[in-house]
S.K.: 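I have a structure I would like to understand better, so I am pasting it below and will then ask my questions one at a time.
Chain letters run A, B, ... following the sequence lines, proteins first, then strands; residues in each count from 1.
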There are 2 protein chains.
Amino acid sequence: MKLLVIHRGFEPEMGKWSVVGGFLQADESPEDSAARILKQQTGLEGVYMQQLKAFGDPKRDPMERVLSITYFALIDIDQYTEQLSEEYNPEWFLLKERPELIFDHNKMVEAALKKIRYMAALHPVLFELLPEKFTLPHLQALYTAVYDFEFDKRNFSRKVLSANLLIKQKEKDKEGSKKGAYYYMLDKSQYKDKLQSFLNFVPSPNNFLL
Amino acid sequence: MKLLVIHRGFEPEMGKWSVVGGFLQADESPEDSAARILKQQTGLEGVYMQQLKAFGDPKRDPMERVLSITYFALIDIDQYTEQLSEEYNPEWFLLKERPELIFDHNKMVEAALKKIRYMAALHPVLFELLPEKFTLPHLQALYTAVYDFEFDKRNFSRKVLSANLLIKQKEKDKEGSKKGAYYYMLDKSQYKDKLQSFLNFVPSPNNFLL
DNA sequence: TCAAAAGTGTTCCAGATACACCCATGT
DNA sequence: ACATGGGTGTATCTGGAACACTTTTGA
């Protein structure tokens with residue numbers, strides 16, 4: 001699980017590591033603004049973003065009063081390698097090894113991680129991240145990355161399949177192993193109904209919501 | 001379950017029903033601002049508020065560009081009757097029978113209700129709303145109000161008590177019935193630990209998260 | 001033939017649900 | 001005595017958790 005950061009392009013703290021960010025324009029909604037700024041600074045486009053929280057402490061930027069309405073997105077790095085532009089030197093860091101960020105950006109990242117874990121424990125949002133065809137070991141690796149926890153593959157597959165969201169394919173992925181793992185695809189019709197539903201995708205004794 | 005609204009005190013839409021709201025001052029955090037405005041317009045003070053969402057559509061206020069960072073709070077009306085001041089004619093409406101609100105304030109209320117139901121299904125947040133001593137029928141009535149759903153009292157009491165958050169008192173409340181219902185108090189020591197924990201306070205077949 | 005990853009089944013337990021009767025007491 | 005609301009117990013079922021062996025096949 002990685003975090004995309006950029007070298008800040010203006011003062012103060014120019015050149016230091018920062019979350020992607022910029023200024024809202026007069027006729028722009030916050031969502032549109034977030035999408036525009038993301039594209040300008042990283043090249044990424046067509047990414048589904050969610051509003052996280054507004055940060056507004058009067059002293060959070062020591063130079064002037066700034067309010068930040070933050071958004072986060074989850075993407076599969078591999079599906080966006082083409083798009084990533086170099087203009088602001090965006091860089092992926094392992095979340096655990098990320099550099100110190102300016103201002104309150106560390107708090108933002110922590111809050112986003114917490115929200116992602118919360119959401120993903122209850123809703124099948126992580127399924128969307130994978131390529132069209134993916135294997136169960138692949139999906140499990142994703143959950144392991146998000147929760148930093150090893151899931152039991154027997155229980156994992158039973159739980160995931162019981163949601164009836166996946167359709168088993170006939171082909172196997174032979175990349176990861178000699179035996180090969182069956183591909184699955186999302187059942188889009190089921191998916192929309194169940195996205196909001198109330199499933200525990202994470203074993204309960206592990207209280208990830210703290 | 002009721003909603004507190006005020007008569008808007010300035011143009012545009014002056015005098016119409018509106019959620020409590022005002023303008024952020026230069027040296028004020030959004031939280032402080034929300035608390036100040038709430039106090040000015042309703043007299044309510046010391047109320048725990050939570051950030052909901054920032055609303056920023058460029059056309060949401062037809063006169064000028066306004067961004068709103070919204071907060072919500074849950075209180076027990078009875079515990080705050082003294083505080084409620086009349087300056088802005090604040091008024092409690094049954095949530096289901098609330099009047100039409102200005103701008104996108106209806107959306108705000110819907111979003112807050114959704115978030116409250118979501119939170120309360122997983123965390124014992126509603127317990128905080130009651131007076132220091134309360135009865136199980138009282139608590140159950142609160143859940144009924146929030147979810148607009150009749151809970152089975154046998155299952156309800158079992159579930160609530162199994163969280164080990166409540167301490168049974170020796171006295172009974174004789175207001176509501178002839179037999180009287182035992183008072184309970186929150187176990188504050190347990191409470192902090194379990195507030196974040198991952199309980200299902202609402203029967204699962206009822207999918208309140210939609 | 002062996003190493004490496006995939007796939008699968010069973011038992012046990014906790015928690016959820018549905019459901020009905022007795023208790024205490026003020027009138 | 002009776003009406004009103006409070007309190008409790010049981011059977012059943014579903015879903016979660018723990019756990020180990022067999023299968024496939026490329027090297």
S.K.: Starting at atom CG of A:D152, determine the distance to atom P of C:dT10, rounded to an integer number of angstrom.
M.R.: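 After rounding, the reported distance stands at 16 Å.
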S.K.: Rounding to an integer number of Å, can you tell me how far B:F149 CZ sits from C:dT17 C1'?
M.R.: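 Rounded to whole Å, this separation is 11 Å.
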S.K.: Which residues in residues 171-181 of chain A have a heavy atom closer than 4.0 Å to any atom of DNA chain D?
M.R.: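 Heavy-atom contacts with DNA chain D come from A:K174, A:K178, A:K179.
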S.K.: Atom CZ of A:F156 to atom C1' of C:dA6: distance rounded to whole Å?
M.R.: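 From A:F156 CZ to C:dA6 C1': 14 Å.
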S.K.: For A:Y184 and C:dA6, what is the distance between atoms OH and P respectively, to the nearest whole Å?
M.R.: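 Going from A:Y184 (OH) to C:dA6 (P), I get 12 Å.
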S.K.: Mind calculating the distance between CD (B:Q140) and C1' (D:dG5) to the nearest angstrom?
M.R.: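 For the pair B:Q140 CD and D:dG5 C1', the rounded distance is 12 Å.
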S.K.: Can A:K53 be said to sit on top of A:F55's aromatic six-ring, NZ or CZ under 6.0 Å from centre and within 45° of the ring axis?
M.R.: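 Yes; both conditions hold, so A:K53 lies above the ring face of A:F55.
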S.K.: Can you tell me the distance, in whole Å, between the NZ atom of B:K159 and the P atom of C:dA18?
M.R.: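 My rounded result for the distance is 11 Å.
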S.K.: Quick one: which of C:dG7, C:dC19, D:dC19 gets closest to the side chain of A:P137?
M.R.: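 Nucleotide nearest to A:P137's side chain: C:dG7.
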S.K.: Does B:K172 NZ have over 12 foreign heavy atoms under 6.0 Å away?
M.R.: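 Yes, enclosed.
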S.K.: Test the B:K168-B:Y184 pair against the cation-pi criterion, namely NZ or CZ under 6.0 angstrom from the six-membered ring centroid and within 45° of the ring axis.
M.R.: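 Not flagged: B:K168 not positioned over aromatic ring of B:Y184.
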S.K.: Could you check how far CG of A:N155 sits from P of C:dT11, rounded to whole Å?
M.R.: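 Value for this atom pair: 15 Å.
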S.K.: Would one find more than 12 heavy atoms of other residues, nucleotides or ligands at under 6.0 Å from atom CD of A:E171?
M.R.: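 Above 12, so yes.
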S.K.: Quick one: which of D:dG7, C:dT8, D:dA18 gets closest to the side chain of A:K153?
M.R.: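 Per side-chain heavy atoms of A:K153, the pick is C:dT8.
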S.K.: Under 3.5 Å, is there any donor-acceptor pair linking the side chain of A:R154 to the base of D:dA20?
M.R.: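 Yes, the side chain and the base share a sub-3.5 Å donor-acceptor pair.
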S.K.: Measure OH/A:Y182 against C1'/C:dT8 and give the value in whole Å, please.
M.R.: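 Going from A:Y182 (OH) to C:dT8 (C1'), I get 12 Å.
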S.K.: List the atom of B:A73, the atom of B:M49, and the distance in Å for their closest heavy-atom pair.
M.R.: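 Shortest heavy-atom separation between B:A73 and B:M49 comes out as CB-CG, 3.7 Å.
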S.K.: Is the count of non-hydrogen atoms from other residues, nucleotides or ligands lying under 6.0 Å from B:Y80 atom OH greater than 12?
M.R.: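 Buried by this count: over 12 neighbours within 6.0 Å.
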S.K.: With the side chain counted from C-beta on, respond yes when B:F72 and B:K115 share a heavy-atom pair under 4.5 Å apart, and no when they do not.
M.R.: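 Contact flag for B:F72/B:K115 side chains = yes.
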S.K.: So, under a plain 3.5 Å distance rule, would you say the side chain of A:R158 forms a donor-acceptor pair with the base of C:dG9?
M.R.: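 For A:R158, whose side chain was compared with the base of C:dG9, there is a donor-acceptor pair (under 3.5 Å).
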